[in-house]
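First up is the structure itself, then whatever we jot down about it.
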Amino acid sequence: MNSVSRAVARTGDFSLSELDMIRTLGDAHDVLNRLARDHGFAHHAVLRFSPEPETRPMRQLVVTSFSREVVQNYERAMLASGSRALSAARGSVRPFAWDRKYPKPRIAAPGLDDARAILARVGVTMGMSLPVAAQDCNRGLVMLGGERSTPTLAETALLSLFVNGVFDRIVAIQNEDRYTHDFRLTPRERQCLMWTGAGKSTAEIARILELSEHTVNQHIATCAQKLGAVNRTQAVAKAIRLRVID
């Protein structure tokens, strides 16, 4: 079996026709979960680049399997490096892979090794960044990570094909949401989401707003449902992007 055949086999029963079945961000999350798993990755993340290069990474995050804590710690480490890695990704069309087993480069950006150490603690010792683009010229980045060997050229090409299709569906869903959905968050729901975006825990938000932790969790869950998000991280990212909150 040649390298291309082996790469095709690793996609399991995943097919391009499944892209047409993606109707929500939750569907996209599920498809990426399965695609990542079939290729030996543990996690995924999708960023949709905003027009402003200085936008913080978390504000560009659309879908991810990482916990909010990991995302926040990773963002802080990347910001410490001047976000040079992300800036380079914005201007590139070539996939990029890294492996912590390889020797460190002579000149490393401050904070970059810290960011990779954060990922290593959640089982990501090898990472891959795949630039993506949608039909309307929106661009982004799909990141896959886990404990496996670096993908071959053939496997990388197949992954790029699939994630570009997923990203195109994500952009279409977000554009549809922007113009056809009336989110109607209540003032209290908006407050809970705003403080979540500021990095406050449920307990801290409960103290600030003088609510029970259960009520805060309920408000945030309702926000996620109204925004079509699969978790609070996505709810905050989407609310910021759609200017529901600042």
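Values below: every heavy atom of this structure, side chains too, minus hydrogens, waters and symmetry copies. Numbers here are sequence positions counted from 1.
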Exercise. For side-chain contact (heavy atoms from CB on, under 4.5 Å), just list the numbers for L209 and R188, CA-CA rounded to whole Å, side-chain angles, deciding distance to a tenth of an Å, and then say yes or no.
Key: CA-CA 9 Å; L209 300 180; R188 190 62 88 184; 3.8 Å; yes

Quiz item: Which is it for L25 and V62 under the side-chain contact (heavy atoms from CB on, under 4.5 Å) test, yes or no, and what are the steps along the way?
Solution: CA-CA 8 Å; L25 292 182; V62 182; 4.1 Å; yes

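Summarising the geometry of I170 relative to A28, their closest heavy-atom pair is CG1-CB, 3.7 Å, with the distance given to 0.1 Å. Closest of all the heavy-atom pairs between A235 and A224 is CB-CA, 3.9 Å. When all heavy atoms of A97 and T150 are compared, the pair lying nearest together is CB-CG2, 3.9 Å. Heavy-atom minimum distance, I205 versus C192: CD1-O, 3.8 Å. Nearest heavy-atom pair, A36 versus H43, reported as atom, atom and distance to 0.1 Å: CB-O, 4.5 Å. Contact between E147 and G123 at its shortest, heavy atoms only, is CG-O, 3.2 Å.
V230 and V31 end up in different hydrophobic clusters when Ile, Leu, Val, Met, Phe, Trp and Tyr side chains are linked at under 4.5 Å. Placement of L153 and L158 in two distinct hydrophobic clusters is found when ILVMFWY residues are connected by side-chain heavy-atom separations under 4.5 Å, directly or transitively.
Inter-residue side-chain proximity for V63 and Q234 is flagged as met; some heavy-atom pair is nearer than 4.5 Å. Between M126 and P151, the closest side-chain pair of non-hydrogen atoms falls below 4.5 Å. Counting only heavy atoms from C-beta outward, the side chains of T64 and V46 never approach each other to under 4.5 Å. Proximity of E189 to H219: side-chain heavy atoms (C-beta onward) are separated by under 4.5 Å at one or more points. Looking at R139 and F167, their side chains never come closer than 4.5 Å, going by heavy atoms from C-beta outward. You'll find the side chain of L130 reaches within 4.5 Å of the side chain of L159, heavy atoms only. The shortest distance between side-chain heavy atoms of S129 and P95 does not fall below 4.5 Å. Looking at heavy atoms from C-beta onward, M128 lies out of side-chain contact with M143 at the 4.5 angstrom threshold.
Checking side-chain atoms of N138 against main-chain N and O of A134 turns up no donor-acceptor pair under 3.5 Å. Under the 3.5 Å distance criterion, the side-chain polar atoms of N164 are left unmatched by any main-chain donor or acceptor of V132. Of the possible donor and acceptor atoms, one in the side chain of K238 sits under 3.5 Å from a partner among the backbone N and O of L227. A distance-only check finds a donor-acceptor pair linking the side chain of D27 to the backbone of R23 [under 3.5 Å]. With R169 contributing its side chain and I22 its backbone, the two residues share a donor-acceptor pair below 3.5 Å.
Under the side chain to side chain contact (heavy atoms under 4.5 Å, CB included) criterion, Q218 pairs with H214, sequence neighbours left out. Partners of R207 according to the side chain to side chain contact (heavy atoms under 4.5 Å, CB included) rule, which considers only residues two or more places apart in sequence or in another chain, are A203, E204.
How far CZ of R76 is from CG of N73: 4.5 Å, rounded to the nearest 0.5 Å. Rounding to the nearest 0.5 Å gives a distance of 5.5 Å between CH2 of W98 and CZ of R116. Here T222 contributes atom OG1 and L193 contributes atom CG; the two are 11.0 Å apart, rounded to the nearest 0.5 Å. Between atom NE2 of residue H44 and atom NE2 of residue H29 there is a gap of 5.0 Å, rounded to the nearest 0.5 Å. Interatomic distance, CD of E75 versus CD1 of I118, reported as 11.0 Å (0.5 Å rounding). Here CZ of R34 is found 9.5 Å from CG of D30. Values are rounded to the nearest 0.5 Å.
Geometric assessment of R148 against the ring of F41 yields a positive cation-pi assignment under the 6.0 Å and 45° thresholds.
Of the options T233, L119, L61, a side-chain contact (heavy atoms from CB on, under 4.5 Å) to F66 is made by L119 and by none of the others.
Side-chain atoms of N217 and R232 form a donor-acceptor pair, as typed in the model, at a separation below 3.5 Å.
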